[in-house]
Structure formats: C-alpha cells, structure tokens
Amino acid sequence: MSKKLGLPIAYGRTAEIYTWQNGQVLKLFYDWFQLDNIEYERRISHAVHNSGLPVPSVGEIIRENDRNGLIYECVDGVSMLDMLSRKPWNIFRYARRMAELHAEMHARTIQAEIPKQREKIQEKISQVEILPVQLQSKILTALEQMPDENQLCHGDFHPGNIMVAGQDEIIIDWIDSTLGNPLADLARTSIIILGSVDAGENQSLLMRVFVHIFHRLYLRRYFSLCAGGEREYSRWLPIIAAARLSENIKELEKWLIVQAEMAS
C-alpha cells in the first residue's frame, strides 16, 4: 500500500519534496522525468557527499504513488535565498559564505562518471534555435578557445540551492553538476543571479540594487580566495548566457541574447 504523503513541503522544477520517515525526505519526481536521470542524480549525490563537501546523504530510489522518488537526508533549515529575504542585513555574511562554499567545491576533484562541462555547454548552445546563426557560430568558436579543467562544478549554484541549518550551510540539487572549469561555473552563477533582476520588468529598484550588491560581494570574496581569473571569467559570461537560452525561460530570452552578443 502506498504511503500517504500529505502535502509537499517544497516544489521544484522536476519534483516535489515530501517529509519521509527516519529523518529523511522524499524527492518525488514528476512523471515526465526519466529514471535514467534520477539514477544519475543518485550517483553524483553519493559521490559528492563522499568527497566531504556539506551535502545531504542520499538513499534509495523508490516507487511511490506511481512515481519515482529518491530518498535524501532531511536538512532542517531554510534556503539562503529565504534567509536573505527575512534578514537582509546579513547580506555580507551570506555573500561571503556562498563564495567560500563555491571555492571549496572548485578545489575538489571526484571520481564519478559525470558529464564534461565543455560538452554539455556546447550541446546546449547548439540546441538554441533563437540565436542568430552568426552569433551562435561566434559563441561556439569562443567556447573552443576557453581552457579546459577537471574540477567539480555545480552547474546551478545560487542562494536557492544552499540550505542554512543553524550555523551550517548545505549545498543541494547536484543534477546539473559537471567536471570542468570553475570560472565557467562562476559565470553560470552570475548569469542566474543577475538575470533574476535585470531581465524582469517588475523588479523594484531597491531589489535590483540589493542583488547587485550581493553579487559584487560574492565575486570579491571568491577572487580573494582564488586569485586571478577575472578576465577569463568575463569571457565565459556571454558563452554561459547563450547556453542558458536552451532552458527556454521566456522572460530571460531578450536579456540573455544581449549578454551573448558581448562575446569577443
């Protein structure tokens, strides 16, 4: 008999989160999300947890209510994004901690079968139909000229994917992780954060200023820990913007194309 789940405690792009037993949560995926992707998420989550990074432990894949689910250790906390909205005066602390977590992640190499960052970015850019052909070709050429690395990259690192639990911060949602260049991963975070306010017509001036201050503090701390690379990071920004167009987020498209046009 299927367990009565009650109401979800959180919603995501691919799944709903439910309270489970023994201090765990169930990430119950929507019907359209393929089992292969869930198995991949379990493998990478297990590998990253074993690396020593602050990541929830992962359990088994189960069937519940005719859907596939993945058991995770429950993190008793709220997202850094929510904490920023509740206590905006902690902006300096959270920006620094986010940068420190990102730098710590980028110092890791792990033994796991996960995608290569360059191949994933190239595939995304090649799939974008709204990019003018000449701009798409220019972006792909720029990508070929960027250096390869083999470090752990999250692929979707932002305050919504960092849980604050007391004095600890836990990184969640590793489905987009790759092995690659940390500065490309840094650029991805910038595109996510800045796009959240710069692409919207309804954002207040105060919110835009707040997000830009947070972003500058985050970058400053990151580059104080990982000196150099600012110019290369800037070269990654239009490439990553073009790749994000593959996600078909309509409200971001015009802004992302403008960012992509800055490729050198």
Side-chain angles (χ1 to χ4, degrees), residues 3 5 8-65 67-82 97-98 100-117 119-121 124 149-166 168-182 184-186 188-189 192 247:
K3 178 182 174 70
L5 295 175
I9 58 174
Y11 297 88
R13 180 173 55 88
T14 61
E16 298 167 332
I17 310 298
Y18 294 88
T19 299
W20 197 243
Q21 54 199 5
N22 301 323
Q24 299 169 318
V25 294
L26 171 64
K27 185 175 183 179
L28 194 61
F29 293 88
Y30 301 124
D31 291 337
W32 54 265
F33 199 72
Q34 296 182 354
L35 180 59
D36 287 349
N37 291 331
I38 301 172
E39 291 172 342
Y40 165 74
E41 178 174 338
R42 183 180 182 277
R43 287 198 306 273
I44 181 58
S45 297
H46 182 70
V48 174
H49 179 264
N50 285 345
S51 77
L53 286 170
V55 175
S57 61
V58 61
E60 300 301 316
I61 296 173
I62 67 169
R63 287 287 290 180
E64 187 69 27
N65 291 358
R67 290 158 61 185
N68 293 314
L70 188 56
I71 303 295
Y72 277 100
E73 172 190 1
C74 180
V75 177
D76 187 14
V78 298
S79 73
M80 184 177 286
L81 182 64
D82 287 340
R97 282 300 297 139
M98 181 169 157
E100 290 162 1
L101 288 168
H102 217 177
E104 182 183 357
M105 178 198 311
H106 290 159
R108 303 297 175 97
T109 54
I110 63 172
Q111 299 300 318
E113 294 182 6
I114 62 176
K116 295 294 185 181
Q117 181 189 67
E119 295 173 2
K120 197 168 184 178
I121 294 172
K124 285 185 174 184
E149 292 193 37
N150 201 41
Q151 302 307 110
L152 177 62
C153 297
H154 187 279
D156 196 27
F157 192 70
H158 56 78
N161 277 335
I162 304 170
M163 300 298 292
V164 179
D168 299 322
E169 293 87 15
I170 312 296
I171 309 169
I172 63 172
D173 200 358
W174 289 85
I175 189 65
D176 293 312
S177 59
T178 60
L179 294 178
N181 190 315
D185 200 41
L186 190 72
R188 165 76 177 181
T189 295
I192 292 172
E247 297 166 41

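Values reported hereafter were calculated over all heavy atoms of this structure, with side chains retained and with hydrogens, waters and symmetry mates removed.
- Checking side-chain atoms of Glu73 against main-chain N and O of Ser57 turns up a donor-acceptor pair under 3.5 Å.
- In this structure the side chain of Tyr18 never reaches within 4.5 angstrom of the side chain of Ile9, judged on heavy atoms.
- A donor atom on one side chain and an acceptor atom on the other are found under 3.5 Å apart for Asp185 and His106.
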Intermediate values then yes/no, side chain to side chain contact (heavy atoms under 4.5 Å, CB included), Met163 and Ser79: CA-CA 4 Å; Met163 300 298 292; Ser79 73; 4.1 Å; yes
Please lay out, stage by stage, how Leu26 and Leu70 fare under the test side chain to side chain contact (heavy atoms under 4.5 Å, CB included). CA-CA 6 Å; Leu26 171 64; Leu70 188 56; 5.8 Å; no
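- Contact between Trp20 and Glu64 at its shortest, heavy atoms only, is CH2-OE1, 3.7 Å.
- Just one of Phe29, Tyr30, Phe33 meets the side chain to side chain contact (heavy atoms under 4.5 Å, CB included) condition when paired with Arg67; it is Tyr30.
- Here the CD atom belonging to Gln117 is positioned 4.5 Å from the OG1 atom belonging to Thr178, to the nearest 0.5 angstrom.
- The CD atom of Gln21 lies 13.0 Å from the SG atom of Cys74; values are rounded to the nearest 0.5 Å.
- Contact check for His158 versus Asn161: side-chain heavy atoms found under the 4.5 Å cut-off.
- Of all non-hydrogen atoms in Glu149 and Pro182, the two that sit nearest each other are OE1-CD, 3.6 Å.
- Looking at heavy atoms from C-beta onward, Gln34 lies out of side-chain contact with Asn68 at the 4.5 angstrom threshold.
- Using a 4.5 Å heavy-atom threshold, the side chains of Pro56 and Ile172 count as touching.
- Of the inter-residue distances, the one linking Met80 atom CE with Met98 atom CE reads 7.5 Å to the nearest 0.5 angstrom.
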Tell me, with the steps shown, if Leu35 and Glu39 meet side chain to side chain contact (heavy atoms under 4.5 Å, CB included). CA-CA 6 Å; Leu35 180 59; Glu39 291 172 342; 3.8 Å; yes
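- Atoms SG and NZ, from Cys153 and Lys116 in turn, are 10.5 Å apart once rounded to the nearest 0.5 Å.
- Side-chain contact between Ile44 and Ile175 is absent, with no heavy-atom pair separated by less than 4.5 Å.
- Looking at Leu179 and Gln151, their side chains never come closer than 4.5 Å, going by heavy atoms from C-beta outward.
- In this structure, the separation between CG on Leu152 and CD on Glu104 is 10.5 Å, given to the nearest 0.5 Å.
- The shortest distance between side-chain heavy atoms of Trp174 and Asp156 does not fall below 4.5 Å.
- Distance check, rounded to the nearest 0.5 Å: CZ of Arg108 to OG of Ser51 gives 5.0 Å.
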Val25/Ile71 under side chain to side chain contact (heavy atoms under 4.5 Å, CB included): CA gap, chis, key distance, verdict: CA-CA 6 Å; Val25 294; Ile71 303 295; over 6 Å; no
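- Side-chain contact between Phe157 and Leu186: absent, with no pair of heavy atoms (C-beta onward) separated by less than 4.5 Å.
- Applying the side-chain hydrogen bond (donor to acceptor under 3.5 Å, both in side chains) test to every pair with at least one member in residues 41-50, sequence neighbours left out, gives these pairs: Lys27-Glu41, Glu41-Tyr72, Arg42-Glu60, Ser45-Tyr72, His46-Asn50.
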